[in-house]
Amino acid sequence: MYVLEQISSEVSSELKQLSPLQAPAIAWEKGNNLADLSTAFAFQAAKIYQKSPVAIAQFLAKKLSEKTNWLTFLPHERGFLNCNWQPEGIYQVLKQASEMGPEYGKRSKEPERKANIEFCSANPTGPIHLGNARGAAIGSVLANLLETLGWQVTREYYFDDYGTQVDAFVLSLEARYFQALGKPCQFPENGYQGQYVRDIANEVVQLQDHAILNKDSESRLAFFREYGLGKMLEQHRKTTSRMGIDYDAWVSQSSLDRDGWLVQVIQALEKRGVLFRKDGAVWFRSTQFGDDKDRVVIRSNDEPTYLAWDMAYHLNKRARGAKLLIDVWGPDHHGYVPRVKAFWQALGYEEADLQLLIYQMVHLFDKGAEVSMSRRSGDFVTLDEVLDTVGKDATLFLLVDRSLDSNMDFDLDLARQHSLSNPVYYVQYAYTRALALEREAAVREIEIPPPDPELCRIYTSSERNLVTMIAMMPEEILRAALTFSPMRIANYAKDLAGQFHAFYHDERVLGANPPDQAARLVLVRAVRIVLANTLAILGLSAPEHM
RNA sequence: GGGCCCAUAGCUCAACGGAUAGAGCAUCGGCCUUCUAAGCCGACGGCUGCGUGUUCGAAUCACGCUGGGCCCGCCA
């Protein structure tokens, strides 16, 4: 159990003696100029126990002082409970971080905790753009967070290889192919204008497979479908991999039909009596579950709608063992949420087991003007181009260092000019500095001792702030994951890095008198471990040199 | 017309309902003969869009305005 959790559990056991009522969860806050650590817990408890916050804070301070020597407790006159680290508490925190190393922050695996996170999932009708990439960054960090909490996570990419948009892509490809061969050909009205379609068409020309030309229209289109989608998916795999994301599963829409999921989900809904026929189509009575109108699932031409496919897909994910399903979607999907939730409810699943996360728009600016992210127009900047310009770590950090709910402006010019001021370097530099200290200590043949309660006596306030940050890290991960806010970890990383930079400037490490030097090296190593673990969760590299 | 999201320093953004609302960029001024200056310290900068309510306490919650982005198909 992590240090702060241990203290929290002491708090609950004390409160049990006060009242049989369930105590609220305790939340620790980092220190201020009054103390190393604090909590507003007494205010929340006051409501439940009908006692004054001050009385509760005083009661806790008294009881806890008798039970632990890790902290001293100072009840504030307004009701806050302020705490200061004692040598033994500092020792426990540093010991835990040093001994656990890369495991610090993690929790044990629970077999029933299986999650499936579907994110990015750009249609294979065009390259991944920055809008998709925001979903990729969010989903990937969320996956890392849940894994840290002991979940078994499947990172999944779902792609549509079926339907009118794919048909338009295939027809566009065929048209470009004919054009490349100099044959007159009408480009489809809803076609994809992008250069990448020409590029793939040119590749096909290079194949010089004249059999393609001689085939009948149907098998020629089948060829372009397979070849074109294959190429696009290969590109998507490469691009996401450049972002440091490796998917566990790539699931195609057509596989759902092949494997019978479409039929199964329709039957399941039929059995529940929530389907009806109208105007030659089959409808899902989603209004019964809070949607504002009923939705067609099978069109009058017998073709299933996207909703039907999506329902089949969710059934399929569940059947593959995931309890928690997370979908990370762009802002254009928000209107779609109620009908998916309706379906989930109609089949009797737990509401909390389906999390639909909607992130807001990314506006991309280049050379002073907004750049389109519409694939149809063909005039847009791809994620690969952004990665070329800005780099993987900086792009990832910019995308994740922002609440899902806020719109985001991404200015390529600024990114180019100020690439060095990207906060990601601030965090990475802190890691590099810590590592350099350890490296230099080794060169000077200074051994970094294991944490020791005696050494922990001498820490100053700025050093104890770092201890607080280290102690809070496991809880930060928990909060970030449970509230689906990957951004919190980015904030935590910046905060820890900032405190470390300040410490680095204030306190001489190597060459200080031996006890100070030893104590500081122990702290530096613990900070380095936590920074490394945090960078790993964010999917960022931890550079040895900068 | 209905729905989702946003509004905080000049700009980009933080802040589990908590104490004196914080960072970065920009502007100005300091700090490298000593562990990496991609850093540190300081100054400047705020009726947290407006109003009402809820309570020990509101940038945060509720309701109503104002302004902005997006979505409302038997497309995906």
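What you see is a predicted model, and the numbers here were worked out from it, not measured in a lab. A, B, ... follow the sequence lines: proteins, then strands. Residue 1 opens every chain.
Rounded to an integer number of Å, the gap from OH of A/Tyr426 to C1' of B/rA14 is 14 Å. Taking atom CE on A/Met232 and atom P on B/rA76, their separation rounds to 20 Å, with Å as the unit. Rounded to whole angstrom, the span from the CD atom of A/Glu438 across to the C1' atom of B/rC35 amounts to 12 Å. A straight line from CZ of A/Phe397 to C1' of B/rA38 spans 14 Å, rounded to a whole angstrom. Between A/Lys494 atom NZ and B/rG24 atom P there is a gap of 10 Å when expressed in whole angstrom units. Rounded to a whole Å, the CZ atom of A/Phe500 is 19 Å from the P atom of B/rA23. Rounded to an integer number of Å, the gap from CE of A/Met546 to P of B/rA37 is 12 Å. Atom CZ in A/Arg508 sits about 12 Å away from atom C1' in B/rU36, given to the nearest Å.
In this structure, of B/rC16, B/rA14, B/rA76, it is B/rA76 that holds the atom nearest to the side chain of A/Thr305.
Aromatic rings from A/Trp329 and A/Tyr336 are positioned such that their centres are separated by under 6.0 Å. Here A/Phe43 and A/Phe80 bring their ring centres to under 6.0 angstrom of each other. Taking the six-membered ring for Trp and the full ring otherwise, A/Tyr429 and A/Tyr426 have centroids separated by 6.0 Å or more. Aromatic ring centres of A/Phe159 and A/His236 lie farther apart than the 6.0 Å criterion allows.
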Pairs under 3.5 angstrom, nitrogen or oxygen only, protein versus nucleotides 17-21 of chain B, please.
| residue | atom | partner | partner atom | Å |
| --- | --- | --- | --- | --- |
| B/rG18 | N7 | A/Gln44 | NE2 | 3.4 |
| B/rA19 | N6 | A/Asn32 | ND2 | 3.4 |
| B/rA19 | N6 | A/Ser38 | OG | 2.9 |
| B/rA19 | N6 | A/Asn82 | OD1 | 2.8 |
| B/rA19 | N1 | A/Asn82 | OD1 | 3.2 |
| B/rA19 | N1 | A/Asn82 | ND2 | 3.3 |
| B/rU20 | O4 | A/Asn33 | ND2 | 3.1 |

Polar atom pairs between nucleotides 29-31 of chain B and protein, under 3.5 Å, N or O only, would you list them?
none

Please tabulate the protein-to-nucleotide N/O contacts below 3.5 Å involving nucleotides 60-66 of chain B, giving atom names and distances.
none

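Comparing the C1' positions of B/rC16 and B/rA58 gives an interatomic distance of 15 Å, to the nearest angstrom. For B/rA9 and B/rU36, the P atoms lie 39 Å apart once the distance is rounded to whole Å. Rounded to whole Å, the separation between the C1' atoms of B/rC74 and B/rC70 comes to 24 Å. Using C1' as the reference atom, B/rA23 and B/rC5 are 24 Å apart when rounded to the nearest Å. Comparing the C1' positions of B/rG22 and B/rG46 gives a spacing of 12 Å, expressed to the nearest Å. Using P as the reference atom, B/rA15 and B/rC32 are 37 Å apart when rounded to the nearest Å. Between the C1' atoms of B/rG10 and B/rG45, the separation comes to 8 Å (whole Å). Rounded to whole Å, the separation between the C1' atoms of B/rG73 and B/rA59 comes to 39 Å.
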### Query
Which letters describe nucleotides 67-72 of chain B, given B = protein heavy atom under 4.0 Å from base, S = only from sugar-phosphate, - = neither?
--BBB-
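With RNA chain B read from its 5' end, the first of the two nearest nucleotides for A/Phe503 and A/Val296 is the one closest to A/Phe503. Between A/Asn491 and A/Tyr429, it is A/Asn491 whose nearest contact on RNA chain B lies nearer the 5' terminus.
Counting only heavy atoms from C-beta outward, the side chains of A/Trp283 and A/Arg277 never approach each other to under 4.5 Å. At least one side-chain heavy atom of A/Phe284 sits less than 4.5 Å from a side-chain heavy atom of A/Val274. Counting heavy atoms from C-beta outward, A/Tyr459 and A/Leu523 have side chains that approach closer than 4.5 Å.
For B/rC6, the base has no donor-acceptor partner in the side chain of A/Ser406 [N/O atoms by modelled type, under 3.5 angstrom].
Side chain of A/Arg520 to main chain of A/Arg508: a donor-acceptor pair is present (N/O by atom type, distance under 3.5 Å, no hydrogens or angles).
Contact annotation: A/Arg433 reaches the phosphate of B/rA37 (side-chain N/O to OP1 or OP2, under 4.0 Å). The phosphate of B/rG73 (OP1 or OP2) has no side-chain N or O of A/Arg299 nearer than 4.0 angstrom. Residue A/Arg402 has no polar side-chain atom (N or O) positioned under 4.0 Å from OP1 or OP2 of B/rC5.
Classification of B/rC32 as syn follows from a glycosidic angle within 90° of 0.
Look at B/rC13: its Watson-Crick or wobble partner, with both distances under 3.5 angstrom, is B/rG22. With both pairing distances under 3.5 Å, B/rC50 is matched to B/rG64 as a Watson-Crick or G-U wobble pair. For B/rC40, the paired nucleotide is B/rG30, the pair qualifying as Watson-Crick or G-U wobble because both relevant distances are below 3.5 Å.
Residue pairs meeting the salt bridge (charged side-chain N to carboxylate O under 4.0 Å, His left out) criterion with at least one partner in residues 52-61 of chain A, sequence neighbours excluded, do not occur; the list is empty.
Applying the side-chain contact (heavy atoms from CB on, under 4.5 Å) criterion to A/Asp405, with sequence neighbours excluded, gives A/Ser403.
Interatomic distance, A/Leu173 CG to A/Met232 CE, rounded to the nearest 0.5 Å: 10.0 Å. If you take CG on A/Asp291 and CZ on A/Phe289, they are separated by 11.0 Å, rounding to the nearest 0.5 Å.
Within the nucleic acid shown, A/Glu475 has no heavy atom closer than 4.0 Å to any nucleic acid atom. Base contact: A/Asp279 has a heavy atom under 4.0 Å from a base atom. At the heavy-atom level, A/Glu77 lies nowhere under 4.0 Å from the strands shown. Base engagement by A/Tyr504 is indicated by at least one non-hydrogen atom pair under 4.0 Å involving a base atom.
For the pair A/Arg285 and A/Phe276, the cation-pi criterion (under 6.0 Å, within 45° of the ring axis) is fulfilled.
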### Task
Under the side-chain contact (heavy atoms from CB on, under 4.5 Å) rule, what do A/Leu325 and A/Gln355 come out as? Steps first, then yes or no, please.
CA-CA 6 Å; A/Leu325 305 188; A/Gln355 293 293 331; over 6 Å; no
### Message
side-chain contact (heavy atoms from CB on, under 4.5 Å), that's the test. Do A/Asn84 and A/Leu37 meet it? Break it down for me.
### Response
CA-CA 6 Å; A/Asn84 281 315; A/Leu37 192 69; over 6 Å; no
### Task
Just do the side-chain contact (heavy atoms from CB on, under 4.5 Å) check on A/Leu496 and A/Leu466 with the steps written out, would you?
CA-CA 7 Å; A/Leu496 177 58; A/Leu466 283 171; 4.0 Å; yes
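Closest non-hydrogen pair, A/Arg402 versus A/Leu398, comes out as NH1-O, 3.0 Å.
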